[in-house]
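This report refers to the structure that appears directly beneath it.
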There are 2 protein chains.
Amino acid sequence: MPKKPTFSRSPCPLAVSLDILGDKWSLIVIRDLFRGVTRYNDFLKSPEGVTTNILAERLKRLEAHGLISKSAYQENPVRYDYALTEKGRALGPVLREIARWGNAHYPGTYKPPFKVG
Amino acid sequence: MPKKPTFSRSPCPLAVSLDILGDKWSLIVIRDLFRGVTRYNDFLKSPEGVTTNILAERLKRLEAHGLISKSAYQENPVRYDYALTEKGRALGPVLREIARWGNAHYPGTYKPPFKVG
DNA sequence: ATATATCACTTTCATTTTGCAAGTTATATG
DNA sequence: CATATAACTTGCAAAATGAAAGTGATATAT
């Protein structure tokens, strides 16, 4: 029988989404993937300055939740490219609206130069 | 002279917004305000079960950032109603897109029965 | 009058998460 | 051989969170 989804806090779509995305780094990683970043070291170069342990943990979490996937781009040693899944790409409108709100209320923030969604 | 805005992490509108909203509770409080909740005890009744210390701290933070305001609805002892400011109401589209994403990817989450934005 | 209840918090303390720095493994380059 | 690069992991201190109890003012019930 199909497993019934269990909701950590409530069946509210906002609460369920925040359980996955509600922190200061997950959406920054998603943003970078939209920008075209695919490799560990390049995520580290973003101006927000995520630390190595947090980045590694977030990449694992986002993969576990099906928002991103990784594929080896070389063997010996094996190294990975990260990419958005459909589910991750579907966050485009969320990023767009958050950025729009930030632009409207925090003068000096830049307009995203990349297409999101 | 006008104070130049200082950005904690970067001038990215997403990063700046996440510095304010990037946690598991702030947007839940904003959602409840959209639903019509205005008082401390009623926020506590939401199914996510925010604790008293976290709720009090978030209400202060959101007020400090200008997303909500409070007004006394009685004296002796003075008690407050909380309300969204324009800046807070402007988060409607953000809530809507997050809820839409949650609905699309987590079957069983309910469709928000209240108008947002 | 005394006891219980409600509202809006605050305080305490244990657990969890974060941030910072350094270390690791495998290969490539000078 | 020494340094560099990529992708992490580990250790530890500091900050944030969660659970529970306490506080102060007033209202209501017995």
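Reckoned from all heavy atoms, side chains included, excluding hydrogens, waters and symmetry mates. Quick note on labels: first sequence line is chain A, next is B, and so on, each numbered from 1.
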Generate the contact string for nucleotides 16-21 of chain D. Rules: B means base contact, S means sugar-phosphate contact only, - means no protein heavy atom under 4.0 Å.
-SBBBB
B/K45: salt bridge (Lys or Arg N to Asp or Glu O under 4.0 Å) partners, not counting sequence neighbours
B/D42
Who pairs with B/E86 by salt bridge (Lys or Arg N to Asp or Glu O under 4.0 Å), at least two apart in sequence or on another chain?
B/R89
According to the ring-ring contact (aromatic ring centres under 6.0 Å, His included) rule, which pairs have a member within residues 85-106 of chain A, sequence neighbours left out?
A/W101-A/H105, A/W101-A/Y106
Atom pairs and distances, side-chain donor-acceptor, residues 77-84 of chain A, under 3.5 Å, sequence neighbours left out:
| from | atom 1 | to | atom 2 | distance (Å) |
| --- | --- | --- | --- | --- |
| A/D81 | OD1 | A/T38 | OG1 | 3.1 |
| A/D81 | OD1 | A/R39 | NE | 3.0 |

Using side chain to side chain contact (heavy atoms under 4.5 Å, CB included) as the criterion, list what pairs up with B/A99, not counting sequence neighbours.
A/P13, B/P112
Quick one: list whatever passes side chain to side chain contact (heavy atoms under 4.5 Å, CB included) with B/P47, sequence neighbours left out.
A/S10
Base, sugar-phosphate, or nothing for B/F43, non-hydrogen atoms under 4.0 angstrom?
nothing
If you measure from OG1 on A/T109 to CG on B/L14, what distance do you get to the nearest 0.5 Å?
10.5 Å
Could you tell me from which nucleotide to which nucleotide of DNA chain C, 5' to 3', there is an atom under 4.0 Å from chain A heavy atoms?
C/dT18 to C/dT27
What residues form a side chain to side chain donor-acceptor pair (under 3.5 Å) with B/S46, not counting sequence neighbours?
B/D32, B/R35
Got a sec, which residues hit side chain to side chain donor-acceptor pair (under 3.5 Å) with A/E97, two or more places apart in sequence or on another chain?
A/R100
Between B/A56 and B/N41, just flag the one whose closest nucleotide in DNA chain C comes earlier from the 5' side.
B/N41
Donor-acceptor pairs under 3.5 Å, side chain of residues 49-66 of chain B to any protein atom, not counting sequence neighbours: which ones?
| from | atom 1 | to | atom 2 | distance (Å) |
| --- | --- | --- | --- | --- |
| B/T51 | OG1 | B/N53 | OD1 | 2.7 |
| B/R58 | NE | B/D23 | OD1 | 3.2 |
| B/R58 | NH2 | B/D23 | OD1 | 3.3 |
| B/R61 | NH1 | B/I20 | O | 3.1 |
| B/R61 | NH2 | B/D19 | O | 3.1 |

Sorted by number, the residues of residues 59-79 of chain A with heavy-atom contact under 4.0 Å to DNA chain C:
A/N76, A/P77, A/R79
